[in-house]
Amino acid sequence: MLQYVIISVTPYLQNCTLLWCDKTKEGMVVDPGGDVARILSAVQKQGVTLKGILLTHGHLDHVGGSVELAKQLEIPIIGPHKADKFWLDALFEQSRAFGFPPHEPFLPQRWLIAGDTINFGEITLEVRHCPGHTPGHIVFFNAESRLVLVGDVLFKGSVGRTDFPQGNHKTLISSIKSQLWTLGDAVTFIPGHGENSTIGEERRTNPFVDEHLL
């Protein structure tokens, strides 16, 4: 079964998530935005062998620790969708804008597209493309555990911002309805910031997604 621990990183309190297979102890870390020592401490505490780094999108608070972590553990960076390449190319500018130390641009070892799968241990994650917050935003879904990591697409009681370059609110809402609602009400999601919730709870109560338009 899939296990996870959420590690709050950066001044933006970003939810970096350590995922692992409880049988093999192989795992992945999703969106290591910073505070690499804290992430490594969690990996060691759980006895996980990291196989890679997964990125939902290219914003600095989600990717800032990726290169350091990849170098230390000699593991690949995987994702997001190539449409977010311009965000990774602009990490110097993001650093200045968000008040972070300078971060150099980088490229992942593998871009992801809708329908791709990620495997570690006995776990399979399905990749879904959910543009709107950024054009290359993706989410990772594990059907067996009814768990999806949604980055900054959806939050408990809210949705992702769309006022950044190439953000689009209409596209974001369409992504939520077509890619997240369809997973089923019983699915729990881990957002990029804040508390977990369920698809059903947000579908029924989230004021930023118009249910009558479904």
Side-chain angles (χ1 to χ4, degrees), residues 1-80 88 91 94-95 98-104 106 108-110 112 117-127 137-156 160 187-198:
M1 288 290 293
L2 178 65
Q3 303 294 325
Y4 72 88
V5 167
I6 296 172
I7 308 151
S8 182
V9 298
T10 86
Y12 285 74
L13 301 179
Q14 197 276 120
N15 289 334
C16 169
T17 306
L18 172 62
L19 303 172
W20 71 93
C21 168
D22 62 358
K23 184 174 181 180
T24 67
K25 286 291 188 173
E26 292 183 353
M28 294 277 188
V29 64
V30 182
D31 288 354
D35 299 320
V36 170
R38 187 179 302 168
I39 297 169
L40 288 171
S41 176
V43 171
Q44 183 177 26
K45 180 179 179 180
Q46 300 299 334
V48 173
T49 300
L50 277 188
K51 294 298 184 177
I53 295 164
L54 303 178
L55 302 179
T56 61
H57 64 293
H59 285 164
L60 180 57
D61 59 322
H62 290 253
V63 309
S66 300
V67 172
E68 181 182 350
L69 190 60
K71 286 181 178 178
Q72 285 200 39
L73 299 181
E74 298 183 339
I75 54 176
I77 300 171
I78 304 168
L88 299 180
L91 284 175
Q94 287 197 64
S95 300
F98 295 152
F100 279 64
H103 284 74
E104 294 186 4
F106 68 89
Q109 279 67 54
R110 175 186 171 192
L112 294 172
T117 56
I118 302 294
N119 298 287
F120 54 95
E122 298 182 356
I123 303 299
T124 297
L125 302 179
E126 173 194 341
V127 175
H137 201 301
I138 57 174
V139 304
F140 300 101
F141 174 55
N142 178 248
E144 182 183 19
S145 298
R146 295 182 178 178
L147 182 73
V148 61
L149 291 91
V150 302
D152 286 355
V153 173
L154 181 68
F155 300 105
K156 183 179 176 66
V187 169
T188 295
F189 70 86
I190 302 175
H193 307 265
E195 300 177 34
N196 293 1
S197 184
T198 66

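Please read all numbers here as calculations on a predicted model, not as lab measurements. Reckoned from all heavy atoms, side chains included, excluding hydrogens, waters and symmetry mates.
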**Prompt:** Within the distance-only criterion (no hydrogens, no angle test), does the side chain of Asp152 pair as donor or acceptor with the backbone N or O of Gly160 below 3.5 angstrom?
**Reply:** no
**Request:** Using modelled atom types only, decide if a donor and an acceptor are shared between the side chain of Thr117 and the backbone of Thr124 within a distance under 3.5 Å.
**Result:** no
**Asked** Less than 6.0 Å separating the ring centroids of His59 and His137?
**Response** no
**Message:** Please identify which of these residues, Leu125, Thr24, Val48, meets the side chain to side chain contact (heavy atoms under 4.5 Å, CB included) condition with Phe120.
**Reply:** Leu125
**Message:** Does any part of the side chain of Leu88, heavy atoms only, come nearer than 4.5 Å to the side chain of Pro108, both counted from C-beta?
**Reply:** yes
**Asked** How far does NZ of Lys51 sit from CD1 of Ile118, to the nearest 0.5 angstrom?
**Response** 14.0 Å
**Request:** Find the distance between CG (Leu54) and CZ (Arg110) and round it off to the nearest 0.5 Å.
**Result:** 9.0 Å
**Asked** Can you check whether Pro102 reaches Leu91 side chain to side chain, under 4.5 Å on heavy atoms?
**Response** no
**Message:** Over 60° means perpendicular and under 30° means parallel, so tell me whether His193 and His62 are parallel, tilted or perpendicular.
**Reply:** perpendicular
**Asked** Do the side chains of Leu60 and Tyr12 get nearer than 4.5 Å, heavy atoms only?
**Response** no
**Request:** Considering non-hydrogen atoms only, spot the tightest contact between Tyr4 and Asn196 and give its length.
**Result:** OH-ND2, 3.3 Å
**Request:** With side chain to side chain contact (heavy atoms under 4.5 Å, CB included) as the test, would you mind laying out the steps for Val30 and Asn15 before giving the verdict?
**Result:** CA-CA 9 Å; Val30 182; Asn15 289 334; over 6 Å; no
**Request:** Of all the heavy-atom pairs spanning Gly58 and Gln94, show the shortest one and how long it is.
**Result:** O-NE2, 3.1 Å
**Request:** Please test Trp20 against Val5 for side chain to side chain contact (heavy atoms under 4.5 Å, CB included), starting from the C-alpha separation and ending with a verdict.
**Result:** CA-CA 9 Å; Trp20 71 93; Val5 167; 3.6 Å; yes
**Exercise: identify the closest heavy-atom pair between Arg38 and Ser8** = NH1-O, 2.6 Å
**Item:** Shortest non-hydrogen contact from Glu195 toward Pro191
**Value:** O-CG, 3.2 Å
**Request:** Would you give the length of the straight line joining atom CG of Leu69 to atom CD1 of Ile77, rounded to the nearest 0.5 angstrom?
**Result:** 8.5 Å
**Message:** To the closest 0.5 Å, what do you measure between CG (Asp61) and SG (Cys16)?
**Reply:** 11.5 Å
**Request:** With side chain to side chain contact (heavy atoms under 4.5 Å, CB included) as the test, would you mind laying out the steps for Leu112 and Ile78 before giving the verdict?
**Result:** CA-CA 7 Å; Leu112 294 172; Ile78 304 168; 3.8 Å; yes
**Request:** Search all heavy atoms of Pro32 against all heavy atoms of Leu55 and return the closest pair with its distance.
**Result:** CD-CD2, 3.8 Å
**Fill in**
Interatomic distance, CG@Asp35 vs CG@Leu40, rounded to 0.5 Å, equals 11.0 Å
**Polar contact flag, side-chain donor to acceptor under 3.5 angstrom, Thr56-Asp31** = yes
**Check against side chain to side chain contact (heavy atoms under 4.5 Å, CB included), Val43 and Val29** = CA-CA 9 Å; Val43 171; Val29 64; 5.8 Å; no
**Heavy-atom closest pair, residues Thr198 and Phe189** = O-CE2, 3.6 Å
**Request:** Look up atom CG in Leu147 and atom CG in Leu2, then write down how far apart they are to the nearest 0.5 Å.
**Result:** 6.0 Å
**Prompt:** Among all residues two or more places apart in sequence or in another chain, which pass the side-chain contact (heavy atoms from CB on, under 4.5 Å) test with Val187?
**Reply:** Phe141, Arg146, Val148, Leu183, Ile199
